[in-house]
Amino acid sequence: MRAREEIHLDRIALPPEGERIQVIEEKLVVPYRPIIPFIEGDGIGPDITRAAQRVWNAAVTKAYGGNRKIVWLELFAGEKALQRYGEVLPQDTFWAIEHFVVAIKGPLTTPVGTGYRSLNVTLRQILDLYACVRPVAYLPGVPSPVTHPERMDIVIFRENTEDVYAGIEWPKGSEEGAKVISYLNKEFDLHIPQDSGIGIKPISQKATQRLVRKAIQYAIGQDRRSVTIMHKGNIMKFTEGAFRDWAYQVAREEFPEQTVTEKEVQEKYDGEAPPGKVMIKDRIADSMFQQVLTRTDQYDVIAAPNLNGDYLSDACAAQVGGLGMAPGANIGDFTALFEATHGTAPKYAGLDVVNPSSLILSGKMMLGYIGWHEAAELTQSALVRTIQQKKMTYDLARQMQDATKLKTSEFASAIVENM
């Protein structure tokens with residue numbers, strides 16, 4: 001019980017049972033009753049969180065016969081935190097995620113144009129969760145707008161802390177913006193109009209290389225075929241072009257025995273990568289969007305700067321049923337925050353109608369991350385079986401004939417029954 005006494009939280013009561021996940025000798029050490037924090041989220045967050053927790057709990061019980069259990073600890077962010085703390089991101093939430101190492105969250109509201117900055121981005125940056133990991137793969141039975149959705153099976157590693165998401169910008173007419181524009185025009189002989197909004201896009205060698213390192217390690221560990229560096233380096237040569245160059249440097253210097261470049265494959269191996277080698281290649285961002293549609297099965301793991309990775313993960317998710325079917329995680333060296341990848345959909349809040357699959361699958365990722373692979377696979381297989389039975393929420397049911405439309409809670413019950 002000492003593990004629970006090592007942290008003091010202002011307005012959160014720790015559960016009477018459970019232990020925290022720890023990092024010992026560069027490895028996660030997971031007890032049989034880990035305390036895992038969760039954030040319900042805003043809008044539809046409570047609906048999908050309640051449904052998903054039922055599925056995860058059932059999978060753990062079924063897989064381990066009651067010998068393992070997740071001990072849930074609710075944390076607060078967004079609207080619920082504002083009511084409880086008077087602020088949208090209290091320190092308790094950061095402390096608890098850091099302390100308990102692994103957490104999961106529903107969607108949080110981010111107003112467009114006004115209000116506080118993105119809570120999702122703030123959580124990633126303050127906790128230094130530098131890799132946004134989004135696997136996109138087709139689940140049999142899910143309606144799709146493309147002819148061969150089964151060809152999609154990629155994992156996107158999106159840099160999470162820099163690029164335009166760093167939030168370095170000033171509005172038109174501001175004193176700070178005017179100073180920046182005047183300085184750039186004067187010192188570098190530029191001609192930026194004074195009525196411009198202005199922003200700065202940082203991409204650093206350190207952030208790039210730790211992201212690419214994690215992507216290559218994943219590809220090696222999961223027997224993936226390739227890592228593609230996605231960039232717009234033909235235009236932004238010293239940010240995205242540098243991202244490409246630094247990525248190749250990591251592969252060349254840190255993984256020389258496990259990787260081979262696409263150029264080497266063409267010149268030395270007659271177009272076929274040697275067995276056991278991960279091929280490193282790169283693609284211009286706009287071409288990448290076309291090729292994930294036209295040459296889908298040629299791509300495997302993709303490493304991208306923040307904005308490119310954001311766009312691409314949504315575009316790929318559209319091929320396999322949309323964001324409602326897309327899981328995601330924000331991972332640092334060890335700390336991991338899993339999340340639904342879609343928004344809060346406030347007009348559906350409390351109606352018990354939305355699809356919880358994104359969050360359910362993010363929980364499947366979480367179970368795999370802590371080494372509970374049997375529960376992870378049971379979660380996904382039961383979800384697939386339910387969809388193949390044409391039992392689904394309205395967003396999927398309206399795309400299929402003879403589907404049984406279920407409420408969020410009913411969908412969770414059907415998944416549990418299929419375990």
Check: F243 ring centroid to Y248 ring centroid under 6.0 Å: no
Is it true that [Y] and [X] share a donor-acceptor pair across their side chains at a distance under 3.5 Å?
{"X": "Q249", "Y": "Q209", "value": "yes"}
{"X": "N308", "Y": "E159", "value": "no"}
{"X": "Y165", "Y": "N160", "value": "no"}
{"X": "D300", "Y": "S226", "value": "no"}
{"X": "E377", "Y": "S381", "value": "no"}

Considering residues, nucleotides and ligands other than [X], do more than 12 of their heavy atoms fall under 6.0 Å from its [atom1]?
{"X": "E272", "atom1": "CD", "answer": "no"}
{"X": "D270", "atom1": "CG", "answer": "no"}
{"X": "K62", "atom1": "NZ", "answer": "no"}

Only distances under 3.5 Å count here; give the side-chain donor-acceptor pairs of residues 366-373 to other protein atoms, sequence neighbours excluded, each with its distance to 0.1 Å.
{"unit_1": "Y369", "atom_1": "OH", "unit_2": "F334", "atom_2": "O", "d": "2.6"}

Rounded at 0.5 Å granularity, tell me how far [atom1] in [X] sits from [atom2] in [Y].
{"X": "N330", "Y": "F338", "atom1": "CG", "atom2": "CZ", "result": "9.0 Å"}
{"X": "F76", "Y": "T93", "atom1": "CZ", "atom2": "OG1", "result": "8.0 Å"}
{"X": "L190", "Y": "L184", "atom1": "CG", "atom2": "CG", "result": "6.0 Å"}
{"X": "D42", "Y": "L119", "atom1": "CG", "atom2": "CG", "result": "7.5 Å"}
{"X": "K214", "Y": "I331", "atom1": "NZ", "atom2": "CD1", "result": "6.0 Å"}
{"X": "T379", "Y": "L361", "atom1": "OG1", "atom2": "CG", "result": "8.5 Å"}

Are [X] and [Y] within salt-bridge range, i.e. N to O under 4.0 Å?
{"X": "R283", "Y": "E262", "answer": "yes"}
{"X": "K179", "Y": "E175", "answer": "yes"}
{"X": "R158", "Y": "D310", "answer": "yes"}
{"X": "D395", "Y": "R398", "answer": "no"}
{"X": "E40", "Y": "K80", "answer": "yes"}
{"X": "D153", "Y": "R224", "answer": "yes"}
{"X": "D314", "Y": "R134", "answer": "yes"}

Is there a side-chain contact between [X] and [Y], using heavy atoms and a 4.5 Å cut-off?
{"X": "N355", "Y": "L396", "answer": "yes"}
{"X": "T49", "Y": "F38", "answer": "yes"}
{"X": "I415", "Y": "I360", "answer": "yes"}
{"X": "Q266", "Y": "T261", "answer": "no"}
{"X": "K232", "Y": "D286", "answer": "yes"}
{"X": "M288", "Y": "I302", "answer": "yes"}
{"X": "L383", "Y": "L139", "answer": "yes"}
{"X": "C316", "Y": "T296", "answer": "no"}

What residues form a side-chain contact (heavy atoms from CB on, under 4.5 Å) with [X], not counting sequence neighbours?
{"X": "P274", "answer": "V260, Y269, K277"}
{"X": "F289", "answer": "M230, Y311, L312, A315"}
{"X": "T259", "answer": "I216, A251, F255, V278, I280"}

Pairwise ring pair (Phe, Tyr, Trp, His ring centres under 6.0 Å) hits with a residue in residues 209-235, at least two apart: F157-Y218
Test item: T161 side-chain N/O and Q125 main-chain N/O as donor-acceptor pair under 3.5 Å: no
Step-by-step side-chain contact (heavy atoms from CB on, under 4.5 Å) determination, V142 to V320: CA-CA 7 Å; V142 175; V320 299; over 6 Å; no
Shortest non-hydrogen separation from A340 to L359 and the atoms involved: N-CD1, 3.8 Å
E162 and K201: CA distance, side-chain angles, deciding distance, salt bridge (charged side-chain N to carboxylate O under 4.0 Å, His left out) verdict: CA-CA 7 Å; E162 297 189 323; K201 171 191 175 86; over 6 Å; no
Cation-pi geometry met for R68 and Y32 (6.0 Å, 45°): yes
Parallel, tilted or perpendicular: ring planes of F188 versus Y183, cut at 30 and 60 degrees: perpendicular
Pairs flagged by salt bridge (charged side-chain N to carboxylate O under 4.0 Å, His left out) wherever residues 318-346 is involved - sequence neighbours left out: K105-E339, R124-E339
